[in-house]
Amino acid sequence: MNPFSYARPTRIEEAISLFGPQSRYIAGGTNLLDLMKENVERPEQLIDITQLPLKSIEETPEGGVRIGALVSNADLAWHALIERRYPLLAKAILAGASPQLRNMASTGGNLLQRTRCYYFYDSTVPCNKRERGSGCPARDGLNRIHAILGHSEQCIAVHPSDMCVALAALDAVVLVTGPQGERRVDFRDFHRLPGDQPERDNTLADGELITAIELPAAGYAEHSAYLKLRDRASYAFALVSVAAALEIDGGIIRSARIALGGVAHKPWRCTEAEDALVGEPAEQSAFEQAAQRILQGASGFEHNAFKIELSQRAIVRALTEATEGTAA
Ligand code: SF4
């Protein structure tokens with residue numbers, strides 16, 4: 001690990017003013033410290049943001065909920081308001097990592113965790129995400145955990161978060177503060193596809209800090225499901241995950257949200273498929289059509305093509321479970 005300086009500001013403005021070209025903000029450190037130990041990240045300065053006043057969960061005047069960026073994953077999942085109004089989010093969080101990690105990991109940091117592509121963490125091999133133009137050994141190598149949607153010639157990595165899949169389905173908004181002031185970013189615009197800049201995971205500008213996540217009023221509390229399929233029953237990243245949320249009236253779908261994890265560089269939404277479900281009976285044939293729409297254009301590699309059919313089945317199953325009612 002390289003030497004670095006360390007600062008622990010107590011005000012947001014102070015944290016932002018300290019940020020330089022080789023700085024990193026650190027909260028729980030559950031991903032950044034691993035990256036530093038593996039020599040993937042080599043910051044010259046760590047700005048510890050744990051003393052900033054970003055630890056509250058509050059209802060908004062619009063009927064939604066604002067979650068401070070430093071709320072731990074565990075505190076968020078077990079918060080009464082989240083359990084009652086946004087059970088999809090609580091379930092997704094509890095499907096990820098381990099209790100110890102969820103106690104340390106922050107809400108803001110969850111959005112910023114980096115891919116678990118094996119080659120990305122091995123600094124002895126090339127990787128376009130670590131060093132643009134060096135190559136992507138995953139394309140012809142071990143690619144069981146890699147993308148089937150939205151990948152590029154340069155990178156086929158996937159985003160590893162479970163929480164973010166639920167936040168994408170719930171149409172969350174990311175609140176950001178930086179040298180240029182404050183802004184709000186729709187969740188679907190926060191993470192990006194790799195394209196020809198795979199080193200960029202998201203649309204944050206240098207020095208920008210996530211301060212909060214806002215959830216809209218609609219929480220789909222009655223009909224939602226988070227389905228995670230993985231190689232081990234716990235403490236494993238998703239091969240495929242699905243966040244499904246429905247509003248159903250008299251057996252007819254009035255609103256639908258579907259987000260996929262483990263299949264792309266960002267949580268995957270297909271609003272065409274969601275819109276096509278509106279007005280349809282909440283039953284298998286409609287779910288199968290939605291799954292086909294979402295997977296249109298999917299393509300796999302030597303070891304991960306199975307994810308296409310797995311995703312189709314997982315979408316149908318998650319929508320069926322959501323229709324039956326949110327599990328307690
Ligand atoms: Fe690097 Fe992306 Fe290729 Fe993995 S998939 S080796 S992260 S460029």
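In each ligand, atom 1 is the first atom listed, and ligand 1 is the first ligand listed. Note that the structure is a prediction, hence the values are computed from the model and not measured. Because only heavy atoms are used, hydrogens play no part in the values below, and waters and symmetry mates are left out as well, while side chains stay in.
- If you number the atoms of ligand 1 from 1 as listed, the ones under 4.0 Å from a heavy atom of P137 come out as 6 (S).
- From the protein, the heavy atom lying nearest to atom 2 (Fe) of ligand 1 is C155 SG, 2.4 Å.
- In this structure, a donor-acceptor pair under 3.5 Å is present between the side chains of Q113 and R116.
- When only non-hydrogen protein atoms are considered, atom 5 (S) of ligand 1 lies nearest to I156 N, 3.3 Å.
- Each of the atoms 8 (S) of ligand 1 lies under 4.0 Å from some heavy atom of Q154.
- Aromatic rings of H191 and H265 (six-membered ring for Trp) have centroids beyond the 6.0 Å cut-off, not under it.
- Atom-to-atom distance recorded for I315:CD1 and R313:CZ is 12.5 Å, nearest 0.5 angstrom.
- Using a non-hydrogen distance threshold of 4.0 Å, P198 does not register as a contact of ligand 1.
- Checked against the 6.0 Å centroid threshold, F19 and Y25 count as a close aromatic pair.
- Within ligand 1, the atoms closer than 4.0 Å to a non-hydrogen atom of C127 are 1 (Fe), 6 (S), 7 (S), 8 (S), numbered from 1 in the order shown.
- Between the side chains of Q284 and E288, a donor-acceptor pair is found at a separation under 3.5 Å.
- Residue, atom and distance of the protein heavy atom nearest to atom 6 (S) of ligand 1 are Y119 CB, 3.5 Å.
- Taken to the nearest 0.5 Å, the CD1 atom of I26 stands 4.0 Å off from the CG atom of L33.
- Atom 1 (Fe) of ligand 1 has no N, O or S atom of C117 closer than 2.8 Å.
- No part of R130 comes within 4.0 Å of ligand 1, judged by heavy-atom distances.
- Of all the atoms in ligand 1, the ones that sit under 4.0 Å from a non-hydrogen atom of C136 are 3 (Fe), 5 (S), 8 (S).
- If you take CG on L167 and CG on N110, they are separated by 7.5 Å, rounding to the nearest 0.5 Å.
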